[in-house]
Amino acid sequence: MKGESAISSWQLTVLLFLSRITYFFLAEPQPEGPQALTAAIWMPVSILASFLLLLPACLLMRKHKGKGLLDIAGERWGKLGFVFPAAFLLFAVCVLVQTACSFSYFLTSTTYPQSSPWLFILLIFAVAGYAASMGYEPTARFGAFVFVALAASLLFVCVSLWPQAQWEFLRPPVYDGWQSQLRLFVHLTLGNVEMAALLFLLPAVGKNKGGVFWRWGLLSAAVLDGIILFAAAVLGDYAQTQRFPFYAVTKIAQLSIFQRLDSLHTALWVFMTLVRLALFLEVGGKSLARLLPQKASRYAVSICAAVSALLAGCFTRWPNALEGLGWLFAGGGPVLLLTVLLPLLLLGFKGKKEAGR
């Protein structure tokens, strides 16, 4: 994927930010997970650790300016370079399936309990697939609109519920054991699937590529820390009984004549899920296009969306398999493979095509 300037550095920052926030909105809390203050403290630390992990890949892409990992792998390893698009494709499909299942579960458990998960999965993939097929720019423009709406929503919730916040609910990290904190650190660092999307999509940015990581990382950490701490201060121990804590916060938020705007927040989360799905359909579609014949590559995004929708619908009936997929990402193996191990292999081992130059 050659680095034509399709989007600006700020546009990619916003897309990655919305994708990261969406995951935390849709993720269920763990009954024995760490407290909010512990998570807020470890969040900035995970950004520094992520930066160190991405150094080999950044060094590799700096040596091959304007080229992505798939291009570099093709040049260095020749036909063996198909490992990279295959790995990114499998990774993107897994993220798409997990996101769609979490999204359908959220809607069927909070808003539309009598509806079939298939309905929401098919609809969301149809729209996200269309957006991804249009390219980066339309998704980025839509993401800017969603970003502004999210900022207004968070401001509304904060102003409405600030008098009810009880900060004594925030317990210090000493209440959490070191094993719990270690799992949290691994999850925040290696469970961050947007790291792989960043490496894949970075060549599409024209200028200021180096600033994308820090803008995205710091913005995500600041907003997530605020959301986690504020939700804990408002809900207290009640948060652990809620499947979606921040949704519970929006349900009790009210300001002046505006009452119970949780339905509007739900609509906003639908938009954010669309952005996340479109983002990873870009990753999966462009990876699949490398593996298909040239005539069939134009349908790569549609194929990726259809396969992901089918798998997501099936996974809703296989809760154990879906839980296993979640643990796989939480353990950090897929992100470690794509962002660290494979770039290190490219740096250390040149294929015959590269060595013969």
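It should be emphasised that the depicted structure is a prediction, and the values quoted were computed from it without experimental measurement. Throughout, residue positions are numbered sequentially from 1 according to the sequence presented.
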### Task
Report yes if the side chains of Phe106 and Thr273 come closer than 4.5 Å at any heavy-atom pair, otherwise no.
no

### Message
I'd like to know if the side chain of Ser153 reaches the main chain of Ala149, judged simply by a donor and an acceptor atom lying under 3.5 Å from each other, with no hydrogens or angles considered.
### Response
no

### Task
State whether the side chain of Ser297 and the backbone N or O of Gln294 hold a donor-acceptor pair below 3.5 Å, judged by distance alone.
yes

### Query
About how many Å separate CG of Leu346 and CD of Glu75, when rounded to the nearest 0.5 Å?
10.5 Å

### Query
With a 4.5 Å heavy-atom cut-off, do Phe280 and Val193 have their side chains touching?
yes

Pairs of donor and acceptor atoms involving the side chains of residues 42-62, under 3.5 Å and at least two apart or interchain, shall be tabulated with distances.
| from | atom 1 | to | atom 2 | distance (Å) |
| --- | --- | --- | --- | --- |
| Trp42 | NE1 | Gln181 | OE1 | 2.9 |
| Ser46 | OG | Met43 | O | 2.6 |
| Ser50 | OG | Ser46 | O | 2.8 |

### Query
Same cluster for Val335 and Val83 if Ile/Leu/Val/Met/Phe/Trp/Tyr side chains link at under 4.5 Å?
yes

## Note on the structure
CG of Leu224 to CG of Leu188, rounded to nearest 0.5 Å, is 9.0 Å

### Message
Apply side-chain contact (heavy atoms from CB on, under 4.5 Å) to residues Phe88 and Leu69 and explain how you reach the verdict.
### Response
CA-CA 10 Å; Phe88 271 102; Leu69 292 178; 4.1 Å; yes

#### Entry: 4.5 Å side-chain heavy-atom contact, Met134 and Thr139
no

### Query
So which pairs with a foot in residues 212-221 pass side chain to side chain donor-acceptor pair (under 3.5 Å), sequence neighbours left out?
Ser9-Arg215, Trp216-Ser220

#### Entry: Val223 and Leu150, any side-chain heavy atoms less than 4.5 Å apart
no

### Summary
CD1 of Ile228 to CG of Leu37, rounded to nearest 0.5 Å, is 10.5 Å

### Message
Please report the interatomic distance CG(Leu107) to CH2(Trp269), rounded to the nearest 0.5 Å.
### Response
10.5 Å

#### Entry: Hphob cluster co-occupancy, Leu199 + Leu347, side-chain heavy atoms under 4.5 angstrom
yes

### Task
Check the pair Asp71 / Arg290 against salt bridge (charged side-chain N to carboxylate O under 4.0 Å, His left out), numbers first and verdict last.
CA-CA 10 Å; Asp71 293 311; Arg290 296 296 185 105; 2.8 Å; yes

### Query
Pro343 and Val340: which non-hydrogen atoms are nearest, and at how many Å?
CD-O, 3.4 Å

#### Entry: Transitive ILVMFWY cluster of Val148, excluding itself - 4.5 Å side-chain cut-off
none

### Task
Quick one: pull up CD in Glu282 and CG in Leu15 and give me the separation to the nearest 0.5 Å.
9.0 Å

### Summary
Taking every heavy atom of Ala312 against every heavy atom of Val97, the minimum-distance pair comes out as CA-CG1, 3.9 Å

### Task
Say whether Leu90 and Ile303 are linked into one hydrophobic cluster, either directly or through other cluster members, by side-chain heavy-atom distances under 4.5 angstrom.
no

### Task
Calculate, to the nearest 0.5 Å, the distance between atoms CD and CZ belonging to Gln98 and Phe315 respectively.
10.0 Å

### Query
Quick one: do Val127 and Leu277 end up in the same hydrophobic cluster if we chain Ile, Leu, Val, Met, Phe, Trp and Tyr together by side-chain heavy atoms under 4.5 Å apart?
yes

### Task
Would you name the heavy atoms of Ser104 and Thr316 that are closest together and state the gap between them?
OG-CG2, 4.0 Å

### Task
Go through Leu342 and Phe84 one step at a time and tell me if the side-chain contact (heavy atoms from CB on, under 4.5 Å) criterion holds.
CA-CA 8 Å; Leu342 286 179; Phe84 272 77; 3.4 Å; yes

### Query
If only atom types and distance count, is the side chain of Ser133 paired as donor or acceptor with the main-chain N or O of Tyr130 below 3.5 Å?
yes

### Query
Relative to the ring of His187, is the ring of Tyr23 parallel (under 30°), tilted (30 to 60°) or perpendicular (over 60°)?
tilted

### Task
Keeping the roles fixed (side chain from Thr189, backbone from Val186), state whether a donor-acceptor pair exists under 3.5 Å.
no

### Short side-chain to backbone donor-acceptor contact, Thr99 and Leu96, under 3.5 Å
no

### Query
Do Phe24 and Val234 sit in the same hydrophobic cluster, where Ile, Leu, Val, Met, Phe, Trp and Tyr count as joined when their side-chain heavy atoms come under 4.5 Å apart?
yes

### Query
So which heavy atom on Ala39 is nearest to which on Leu184, and how close?
CA-CD2, 3.6 Å

### Partner residues of Arg298 under the salt bridge (charged side-chain N to carboxylate O under 4.0 Å, His left out) criterion, sequence neighbours left out
none

### Message
Working note: Phe91 + Leu337, criterion side-chain contact (heavy atoms from CB on, under 4.5 Å); need CA distance, chi angles, decisive distance, verdict.
### Response
CA-CA 10 Å; Phe91 172 81; Leu337 174 67; over 6 Å; no

### Task
Check the angle between the aromatic planes of Phe142 and Phe145 and answer parallel, tilted or perpendicular using the 30° and 60° thresholds.
tilted

### Query
Does Cys304 offer a backbone N or O that forms a donor-acceptor pair with the side chain of Ser308 under 3.5 Å?
yes

### Message
Quick one, Leu89 and Val283 - any side-chain contact, counting heavy atoms below 4.5 Å?
### Response
no

### Query
Do any pairs count as a side chain to side chain donor-acceptor pair (under 3.5 Å) and have a residue in residues 194-204, sequence neighbours left out, and if so which ones?
Ser19-Glu194, Glu194-Arg276

### Query
Does the cation-pi check pass for Lys286 over Tyr136, that is, NZ or CZ under 6.0 Å from the six-membered ring centre and within 45° of its axis?
yes

### Task
Give the C-alpha distance, both sets of side-chain angles, the deciding distance and a yes or no for ring-ring contact (aromatic ring centres under 6.0 Å, His included) between Trp77 and Phe82.
CA-CA 9 Å; Trp77 287 1; Phe82 84 93; 9.9 Å; no

### Query
At their closest point, which heavy atom of Cys94 faces which heavy atom of Leu325, and how far apart are they?
O-CD2, 3.7 Å

### Query
Under a 4.5 Å cut-off applied to non-hydrogen side-chain atoms, are Pro334 and Phe329 in contact?
yes

### Query
What do the steps show when you test Phe230 against Leu161 for side-chain contact (heavy atoms from CB on, under 4.5 Å), and what is the final call?
CA-CA 9 Å; Phe230 189 73; Leu161 296 180; 3.7 Å; yes

### Message
In the structure I gave you, are the side-chain heavy atoms of Val275 and Phe271 within less than 4.5 Å of one another anywhere?
### Response
no

## Note on the structure
Note: Ala131 and Ala278 closest approach over all heavy atoms is CB-CB, 4.3 Å

### Task
List in chain and number order the residues that pass ring-ring contact (aromatic ring centres under 6.0 Å, His included) with Phe103, two or more places apart in sequence or in another chain; answer none if no residue qualifies.
none

### Task
Could you tell me whether the side chain of Leu310 reaches within less than 4.5 Å of the side chain of Trp118, counting heavy atoms only?
yes

